[in-house]
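Data first, discussion second: the structure below is written as structure tokens.
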Amino acid sequence: VTEYFNAGNVTTKGLELAVNGKLPANFNYFGSFTWLSSTQDSDYTAGGLTADTQGNQLFDAPHRLVSAGIGYDNEAFYANFLGRYTGSFYGDLANTQKIGGYTIFDVNLGYRFKDLVSGLKETTISLNANNIFDKQYLSGVKSGTINADPGNPNFFGAPQYYKGQPRSLVASLSVGF
């Protein structure tokens with residue numbers, strides 16, 4: 001069951017920086033940094049009661065996201081190693097339940113066949129290994145609450161979270177006509 005509520009006005013500011021480029025011998029690099037500030041503009045009010053939420057970070061809104069990787073691509077074979085960091089975030093508007101950040105790593109391998117069969121432009125086979133170190137983490141808030149502190153009977157509710165994807169292997173085949 002999904003439940004929605006109006007959290008009130010939120011001011012969101014952010015900055016994203018990205019860089020990528022080529023290195024010698026068909027190697028490349030890429031990286032990005034995102035800074036996000038999502039601040040609640042007022043206290044939460046419902047049923048004549050008020051919860052102290054003004055100035056708090058909006059739930060499920062990490063302050064920092066970082067990704068970086070290195071790759072190889074000779075226009076036929078390609079491989080990438082990628083690391084992604086997601087900063088800590090809250091499960092409630094009162095910021096009483098903080099979930100720690102996490103870092104996961106992925107590897108992608110692929111091969112592009114050109115002119116494999118007449119009439120096909122390009123056929124690509126790929127293999128992706130996600131979360132290769134099998135990190136266990138909570139990846140986001142499924143259902144946020146006003147206050148996750150059981151000592152607050154007026155607005156208490158336990159947030160529900162999405163469990164992060166375990167190690168997985170995905171193979172794919174794509175064909176261009």
Side-chain angles (χ1 to χ4, degrees), residues 1-5 7 10-38 57-92 97-145 158-177:
V1 174
T2 302
E3 182 178 317
Y4 297 98
F5 60 89
V10 174
T11 299
T12 300
K13 301 175 193 173
L15 171 71
E16 185 169 14
L17 303 170
V19 62
N20 61 55
K22 293 185 176 187
L23 297 169
N26 297 320
F27 283 92
N28 57 65
Y29 63 91
F30 45 93
S32 68
F33 171 80
T34 302
W35 172 80
L36 177 68
S37 173
S38 291
Q57 181 178 336
L58 185 64
F59 67 77
D60 202 23
H63 280 300
R64 288 178 300 281
L65 302 167
V66 179
S67 67
I70 189 160
Y72 175 84
D73 190 341
N74 68 5
E75 297 186 17
F77 172 76
Y78 65 88
N80 295 298
F81 178 73
L82 171 69
R84 291 178 287 144
Y85 168 76
T86 300
S88 62
F89 56 93
Y90 291 96
D92 64 338
Q97 192 166 86
K98 187 174 189 176
I99 303 304
Y102 58 90
T103 303
I104 57 174
F105 296 92
D106 302 330
V107 174
N108 327 79
L109 303 170
Y111 193 84
R112 299 177 196 97
F113 298 93
K114 296 188 193 267
D115 301 324
L116 185 64
V117 176
S118 179
L120 298 181
K121 292 181 183 176
E122 187 174 286
T123 301
T124 303
I125 187 166
S126 64
L127 184 64
N128 301 324
N130 302 313
N131 192 6
I132 59 176
F133 299 116
D134 205 18
K135 171 83 172 180
Q136 293 187 21
Y137 60 98
L138 297 175
S139 63
V141 178
K142 178 180 180 183
S143 177
T145 63
Q160 295 179 354
Y161 298 97
Y162 290 109
K163 185 177 177 186
Q165 178 182 350
R167 180 186 304 130
S168 63
L169 197 57
V170 178
S172 66
L173 174 69
S174 65
V175 179
F177 297 95

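Values reported hereafter were calculated over all heavy atoms of this structure, with side chains retained and with hydrogens, waters and symmetry mates removed. Throughout, numbering of the chain's residues begins at 1 and tracks the sequence.
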Distance-only criterion, 3.5 Å: show the donor-acceptor pairs between side-chain atoms of residues 61-71 and protein atoms not counting sequence neighbours.
residue, atom, partner, partner atom, Å
His63, ND1, Leu36, O, 2.9
His63, NE2, Gln57, OE1, 2.9
Ser67, OG, Ser32, OG, 2.8

Please, which pairs that meet salt bridge (charged side-chain N to carboxylate O under 4.0 Å, His left out) have at least one residue in residues 161-177, sequence neighbours excluded? none
List in chain and number order the residues that pass side-chain contact (heavy atoms from CB on, under 4.5 Å) with Leu15, two or more places apart in sequence or in another chain; answer none if no residue qualifies. Leu17, Trp35
Determine which pairs satisfy salt bridge (charged side-chain N to carboxylate O under 4.0 Å, His left out) with at least one residue from residues 13-29, sequence neighbours left out, and list them in order. none
Residue list, ring pair (Phe, Tyr, Trp, His ring centres under 6.0 Å) with Tyr137, at least two apart or on another chain: Tyr102
Pairing residues for Asp73 by the side chain to side chain donor-acceptor pair (under 3.5 Å) criterion, not counting sequence neighbours: Arg112
Steps toward side chain to side chain contact (heavy atoms under 4.5 Å, CB included) verdict (Phe81, Asn108): CA-CA 7 Å; Phe81 178 73; Asn108 327 79; over 6 Å; no
What distance do Ile104 atom CD1 and Lys135 atom NZ have between them, rounded to the nearest 0.5 Å? 10.0 Å
Does a side-chain heavy-atom distance below 4.5 Å link Leu58 with Phe89? no
Rounding to 0.5 Å, atoms CG (Asp60) and OG (Ser143) come to a distance of 11.0 Å
Please name all residues satisfying side chain to side chain donor-acceptor pair (under 3.5 Å) with Thr123, sequence neighbours left out, ordered by chain then number. none
Phe77: what forms a side-chain contact (heavy atoms from CB on, under 4.5 Å) with it, not counting sequence neighbours? Tyr72, Asn74, Ala79, Leu109, Tyr111
Lys98 meets the salt bridge (Lys or Arg N to Asp or Glu O under 4.0 Å) criterion, sequence neighbours left out, with none
Given side chains that start at C-beta, do those of Phe59 and Val141 come closer than 4.5 Å, heavy atoms only? yes
Rounding to 0.5 Å, atoms CZ (Phe30) and CG (Asn20) come to a distance of 9.0 Å
Heavy atoms only: give me the nearest Tyr78-Ser126 pair and the separation to one decimal. OH-CB, 3.3 Å
Residues passing the side chain to side chain donor-acceptor pair (under 3.5 Å) test with Ser38, sequence neighbours excluded, are Thr12
Which distance, rounded to the nearest 0.5 Å, do you find between the OH of Tyr162 and the NZ of Lys142? 6.0 Å
Non-neighbouring partners of Asn130 that pass side-chain contact (heavy atoms from CB on, under 4.5 Å), sequence neighbours left out: Asp106, Asn128, Gln165, Ser168, Val170
Residues at least two apart in sequence or cross-chain that pass side chain to side chain donor-acceptor pair (under 3.5 Å) with Ser88, listed by chain then number, are none
Would you say the side chain of Asn80 lies within less than 4.5 Å of the side chain of Asn28, judging by non-hydrogen atoms? yes
